[in-house]
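Report on the following structure.
So that the names make sense, note that chain A is the first sequence line, chain B the second, and so on, each numbered from 1. Hydrogens, waters and symmetry mates play no part in the numbers below; they use all other heavy atoms, side chains included.
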Number of protein chains: 2
Amino acid sequence: MTFVFNERDGCGKCPIRHRAICARCDDEEMELLEKTKSYVTFEAGQTIVWRGDTLKYFSSVVLGIASLSRTLEDGRTQMVGLLLPSDFIGRPGRETVDFDVTAVTDVTLCRFERKPFERLVEDLPHLSHRVMEMALDELSAAREWMVLLGRKTAREKIATFIEMIVRRDTVPTHDAPRHVLPLTREEIANFLGLTIETVSRQLSLMKKDGIITFSDRRSFVINDLAALQDATGDDADGGVII
Amino acid sequence: MTFVFNERDGCGKCPIRHRAICARCDDEEMELLEKTKSYVTFEAGQTIVWRGDTLKYFSSVVLGIASLSRTLEDGRTQMVGLLLPSDFIGRPGRETVDFDVTAVTDVTLCRFERKPFERLVEDLPHLSHRVMEMALDELSAAREWMVLLGRKTAREKIATFIEMIVRRDTVPTHDAPRHVLPLTREEIANFLGLTIETVSRQLSLMKKDGIITFSDRRSFVINDLAALQDATGDDADGGVII
DNA sequence: ATGGATGATTGACCCAGATCAAGGTTGCCC
DNA sequence: GGGCAACCTTGATCTGGGTCAATCATCCAT
């Protein structure tokens, strides 16, 4: 989800490295925010916010990956989104988060006090416009994921996940054929609505089929991209409307 | 999803019955839109827009229910949302829809030409603000649904669905104990990521358990709300943060 | 009323993926 | 390096929900 931005999108003009905020920032606007800005880091595995917690801060991910998830009473957990650099935690107009936010890797957040930030969103049309666009993009991504969760087979889920990782890695700068799974098997399972055993088995199958090769448990290369895309169950265009 | 608004929320001040647009409308702003406004109706079952279609209009539902869904090549279909009165079809900043939009019941749409509408969204902060809020609400609802699709059992899915219908019906005005399923068994199946047989079986089970009673295939009353809520698998508060 | 279409229910059976269980890897700390 | 803890893989078995198929109900149109 939300594989929309990453650090590269940061604006170099000011210390807030987010295009969402900086796109058309001027010194005056920034000054307001600067006053309440702070950075925090979380270690991998730590919970950043619990579902229902009141948010004192509005933050955005600077470095690392966080997850949004919900756990049912009996422990079943479903991840509902990944937060990558430049994604926000918190939403204007709401004091609480509806999901648990957890650091998947070590995470650095850049945070602002909620009130002044919300005021800024109110006052700056381009900012609220930007938040709206981000929300709509996330909404599309979430719906796309609903199709995966509701209708895809285990193999298709795994293929879609791998393909997503690969697509995200393939940026103009480096076409490194080596990719890294940012999640543990358990996290992948919770992301795809599967168990770790099924995740493990399906990865082994794709390995046996010669589609991917693992150098260690996290790093892999794609041997047959066409076969991978074919296994996703999506249309040829990969689910993206041209 | 998006059980957020209904006709009652309409603003009586102008013919565009949507609070999103009308909340702080003045005659001047409205005049712009009025010029390009038109109404269309679709019969139950008709497709309103196909995935990928270029949207000439930006529309909102006035009457009836429409669905957003995606169908995989081999026919597996997943519904990703329901559009109720006052929900929008189309999104500012995008020319196409990512999902098929289908009339579930007979549907009346109120539509505007896309260009002028988008300009209006750009120009009126309160409107873009409103669209942002709607997008964020839908996003929460979509994520909630992801938990259902990824982790809930058939019984829990059915219970959650029924409970949602009941919650939506329970408005201040009338606490009628009789409710109506707005969807066919097949549509319910596609909404919940199940087959029609499983939907039918689970409904029969809940009937047998004395939780609900059907008068015909669409109308029912709840005999044991507590048991129903218990069967959803959600926390006691019904998934809504207080 | 009759025939036919559409939609819903119910039963019998099957299989993908969950569950249970036993090792295997990797990495870290003493 | 040895021991321990996470994490991952693989096998055996079970089961929830899918698949296939038959029957029933409801609603029209003739």
* Kindly determine whether A/Thr160 and A/Lys152 satisfy side chain to side chain contact (heavy atoms under 4.5 Å, CB included), including the steps that lead there. => CA-CA 9 Å; A/Thr160 305; A/Lys152 289 193 178 182; 3.0 Å; yes
* B/Tyr57 ring center near B/Phe112 ring center (under 6.0 Å) ->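 They do not qualify: ring centres at least 6.0 Å apart.
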* To do: Decide if the gap between the ring center of A/Phe214 and the ring center of A/Phe220 is smaller than 6.0 angstrom.
  =>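 Between A/Phe220 and A/Phe214, which both carry aromatic rings, the centre distance is below 6.0 Å.
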* Asked: Atom CG of B/Asp216 to atom C1' of D/dC24: distance rounded to whole Å?
  -> 16 Å
* Thinking salt bridges, do B/Glu156 and A/Arg76 make one under a 4.0 Å N-O criterion? ->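 So B/Glu156 pairs with A/Arg76 through a salt bridge.
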* To do: Answer yes or no on whether B/Arg70 is positioned over the face of B/Phe99, meaning its NZ or CZ is under 6.0 Å from the six-membered ring centre and within 45° of the axis.
  =>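 Judged by the rule, B/Arg70 and B/Phe99 form a cation-pi pair.
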* Let me have a per-nucleotide readout for nucleotides 5-19 of chain C, 5' to 3', with B, S or -, counting only protein heavy atoms under 4.0 Å. => --BSBBBB----SSB
